[in-house]
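Input: a single structure, listed below in structure tokens.
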Amino acid sequence: MDVDSPQANGMKRKGRKSNENKASYREDSESEDMPLSKRRRTSSKPVKPESDSESDVPLAKKPSAKDVNSLSKQKEKFEKRAEKEAKAIRKDAPKKVKQETPKGNTKKQTPSASAKAKKAVVKDEEVDEDEDEEYRWWENVQQGDGTKKWATLEHNGVVFPPDYEPLPKDVKFYYDGNPIDLHPEAEEVATFYGSMLHSTVNVENPTFNKNFFEDFQGYIKKTGGAKNAKTGDKVDIKSFEKCNFKHIFEWFDAEREKKKALPAADKKAAKAEKDKTEAPYQYCMWDGRKQKVGNFRVEPPALFRGRGEHPKTGRVKKRVFPEQITINIGKDATVPAPPEGHKWKEVKHDQEGTWLAMWQENINGAYKYVMLAANSDVKGQSDYKKFEKARELKKHIDHIRKDYQKNLRAEKMVDRQMASAIYLIDRLALRAGNEKGEDEAETVGCCSLKYENITLEPPNHVIFDFLGKDSIRFYDKVEVDPQVFKNLKIFKKAPKGRGDDVFDRLTTSGLNKHLQQYMTGLTAKVFRTYNASWTMANLLKDIKATGNVAEKVKIFNDANRRVAILCNHKRTVAASHENTMEKMTERINGLVYQQWRCKQMMLELDSKIKKKKGAEYFALPSQLDEEWVRKHQADLVAEQREKIQKKFDKDNEKRIAEGEKKMSGKELDERLEAVDELQKKFKKENKTKKVEPEGRGPSVEKLEQNIDKITQRIETMKVQSEDKEANKEVALGTSKINYIDPRLSVVFSKKFDVPIERLFSKTLREKFDWAIKSVDDDWEF
DNA sequence: AAACAGGACTCAGAAACCTCATT
DNA sequence: AAATGAGGTTTCTGAGTCCTGTT
């Protein structure tokens, strides 16, 4: 092997000490566990500080690791398909290409001609009443270079958050046990913190608290200090521990309650009022067409809630004034008036931008844009382009794969790293991984993977463990090509150690530049889109049309889930999850018990049946035990008692309402007799170990039927519960919204007769209008 | 000419809100 | 049949990607 030695790489992008702590360069340090433990603490999934012993990490992952394995096998199959298809596409390229161009797009259509055509189409389709003329851009996609986004643009600017309203006199921030008077500006900052005491992820994060307190102190100083509200003495606020925001929190909480408790009519009226004042901002006119604006509200001041270990989390995000806002609008349009006594920072007429307004936030200097909503034409068009780009990759994917497979053995280190990186991006759907600054959370993507994120397990298993976008953990044990394994080992060779880049010769722009050679516009992220949609397409392809709508929807969601897992889209486990799961197992156990009782009844009816079916059949199922049975019986009894009591109370209420007399306690006792009987029955069963047959004309056959029915119910419940458990930390939404070509879903809907409403919510239907209206059931990704 | 800053866009999960079933 | 609560939907805004222009 003639690879450049890693040492040759003296110049690192970021000045990192690379020759200290030699001890850690030992080869075998690779196999050490390199936990992200400390970093993980504040990530969305709180991990107990002490729980980072290696044993529990793989354990927690075990079930999903199996999934991933079967998925990767399936992926292999899909890759073969991809190769075949790529070849096929190239073979009859001339034909296909013609087909691909949108129908009716004959070379240069004059705008007026296309407008006419468009009208004609609209005419013979029934038109939505309120949508006078829809613009079917997907039937005539512009080929232009796309730099000019609009010709005319009119809009009404932005909505500012309400001014700060000081707290009532009796609601105070407390310090060292004393109520404190603050200048409204400082008090506002106190309310930022005080109103979010329930947000434990933030309020229990030391960095958050430190940053907030620093800023809070600054505000107090700037506004003339804090005073004891009783004595008027100056108070020096110097210890966060002595701060008490409870009263503020309680006030906010009470306000929330008050608002919630408002009569429905009042709530409705308030909402109508708000809608009315905001109506002018909801829409804009874009090239003469009415388009929905997305986020026309300026972000209100608050505490910055950076994700993961963001160094600036907790800092005060200041109120945005008109003087900071740049407006982008058509030359001939009326510029929206800034609030009384204010003016805009600037008014632009940038036709290459799709934004209507913009400002820079004070914490990271990040740009904030007001843009159109997801259902607008511009957004739809770029969405369409994105998926077409991904589809284009189909034609090249086999070449690209062959090429990187070959280059895994390239002589030059850069080439090898390039090939290995693309391998990972393609196989694991990793993000590109730009360099990040000092004052951001330390997260990585492919190019920025660190030494400690990769653990090599001979012969060719690699464990990836890192925090990706939004500090979401990526953990996976993957079987890789032996050459990739070798390469990674080389890339990790001493003197590299903790903190060093695995791909020290790569940058995202270099990688993307390389990708452009295969296909214009090809970048790392296209692979994510391509692989997600391609996976979905193949999963759906393998489906047979059986079952009812609900079952088909489930199949669709299962495929969706596979894609979500591929993309590592996660959510935090709902607080109620464990509880729900427990309830479900209880219910299953209840059914199992019911079933067992039926079997016992059989024994009473037919003395020979025990031999016939075997003793095993009649034994108490292993998941139940004596103790559980007792408890369950008691629960059943209590449940029934409660039910009867409730019914009794209700009946009585009714009687009173109708002017009748209340029923006596005797009546209740009588009704409760059934419960007593049940209790007695259980007692007897426990004692005699026999269950008397129930129901009219009990027979072994009937019981068997009943048992079958219960088995069915148990099965469905089990599936449900397993489903729930497997899905508890998988977020389906992100892939549905951003990665799966919506036309796939539309085709599925048409082909299998599943109403599109079952797959797409209202907003998604609007966003994917172009997909819903442009394909029929033989479209393929 | 690589490296870097600026800028504009897509993608991301949490929180807020709404809805509908259950009791 | 009002309350509850769980699940789905929408909003919010932070966090990426990637392009461009400048040095």
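Letters A, B, ... mirror the listed sequences (proteins, then strands); counts begin at 1.
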Applying ring-ring contact (aromatic ring centres under 6.0 Å, His included), can you list everything that pairs with A:Y739, at least two apart in sequence or on another chain?
A:H569
What is the ring orientation for A:Y384 with A:W770, classed by angle as parallel under 30°, tilted 30 to 60°, or perpendicular over 60°?
perpendicular
Identify each donor-acceptor pair in which a side-chain atom of residues 258-271 of chain A lies under 3.5 Å from a protein atom, sequence neighbours left out, and give them as a table.
unit_1	atom_1	unit_2	atom_2	d
A:K258	NZ	A:E255	OE2	3.0
A:K267	NZ	A:K260	O	3.0

Is the shortest side-chain N/O distance from A:R528 to OP1 or OP2 of B:dA12 below 4.0 Å?
yes
Spacing of A:M196 atom CE relative to B:dA15 atom P, expressed in whole Å
9 Å
Phosphate OP1/OP2 of B:dG13: any A:T734 side-chain N/O under 4.0 Å
yes
Can you tell me if the side-chain N/O atoms of A:S761 get under 4.0 Å from OP1 or OP2 in C:dT10?
yes
Which part of the nucleic acid does A:K724 contact within heavy-atom distance under 4.0 Å: base, sugar-phosphate only, or nothing?
sugar-phosphate
With A:Y164 via ring-ring contact (aromatic ring centres under 6.0 Å, His included) - residues at least two apart
none
Which one, B:dA14, B:dC11, B:dC9, comes nearest to the side chain of A:W355?
B:dC9
Side-chain donor-acceptor pairs of residues 353-364 of chain A under 3.5 Å, sequence neighbours excluded:
unit_1	atom_1	unit_2	atom_2	d
A:Q360	NE2	A:G365	O	3.0
A:E361	OE1	A:N364	N	3.2
A:E361	OE1	A:G365	N	3.2
A:E361	OE1	A:A366	N	2.8
A:E361	OE2	A:N364	N	3.4
A:E361	OE2	A:N364	ND2	3.2
A:N362	OD1	A:K318	N	3.0
A:N362	ND2	A:V316	O	3.1

Phosphate oxygens OP1/OP2 of B:dC9: is one of them under 4.0 Å from a side-chain N or O of A:T354?
yes
For atom CZ of A:R587, is the number of surrounding heavy atoms from other residues, nucleotides or ligands below 6.0 Å larger than 12?
no
Modelled atom types, side-chain donor and acceptor of A:Q282 and A:D275, under 3.5 Å
no
What integer distance in Å separates A:E757:CD from C:dG8:C1'?
15 Å
A correct 5'-to-3' footprint of nucleotides 13-23 of chain C, with B, S and - meaning base, sugar-phosphate only and no protein heavy atom under 4.0 Å, is SBBSBBS----
Most 5' of A:A731 and A:K379 on DNA chain B, judged by nearest nucleotide
A:K379
Within the structure shown, what part of the strands sits under 4.0 Å from A:S382 by heavy-atom distance: base, sugar-phosphate, or nothing?
sugar-phosphate
Can you see if the side chain of A:K271 gets near the phosphate of B:dC17 - specifically, an N or O under 4.0 Å from OP1 or OP2?
no
Nearest whole Å is fine: how far is B:dC4 P from A:E438 CD?
14 Å
For A:K728, give me all partners under side chain to side chain donor-acceptor pair (under 3.5 Å), at least two apart in sequence or on another chain.
A:E725
Between C:dT4 (C1') and A:K583 (NZ): distance, integer Å:
11 Å
Would you kindly give the CD1-to-C1' distance between A:I472 and B:dC11, to the nearest whole Å?
13 Å
Of A:D350 and A:S199, whose closest DNA chain B nucleotide lies nearer the 5' terminus?
A:D350
Please report, rounded to the nearest Å, how far the P atom of C:dG8 is from the CZ atom of A:R758.
11 Å
Give a yes/no answer on whether the side chain of A:Y739 brings an N or O atom under 4.0 Å of OP1 or OP2 in B:dA12.
yes
Rounded to the Å, how far apart are A:K728 NZ and B:dA14 P?
15 Å
Whole angstroms only, please: what is the CD-C1' distance between A:E257 and C:dT4?
14 Å
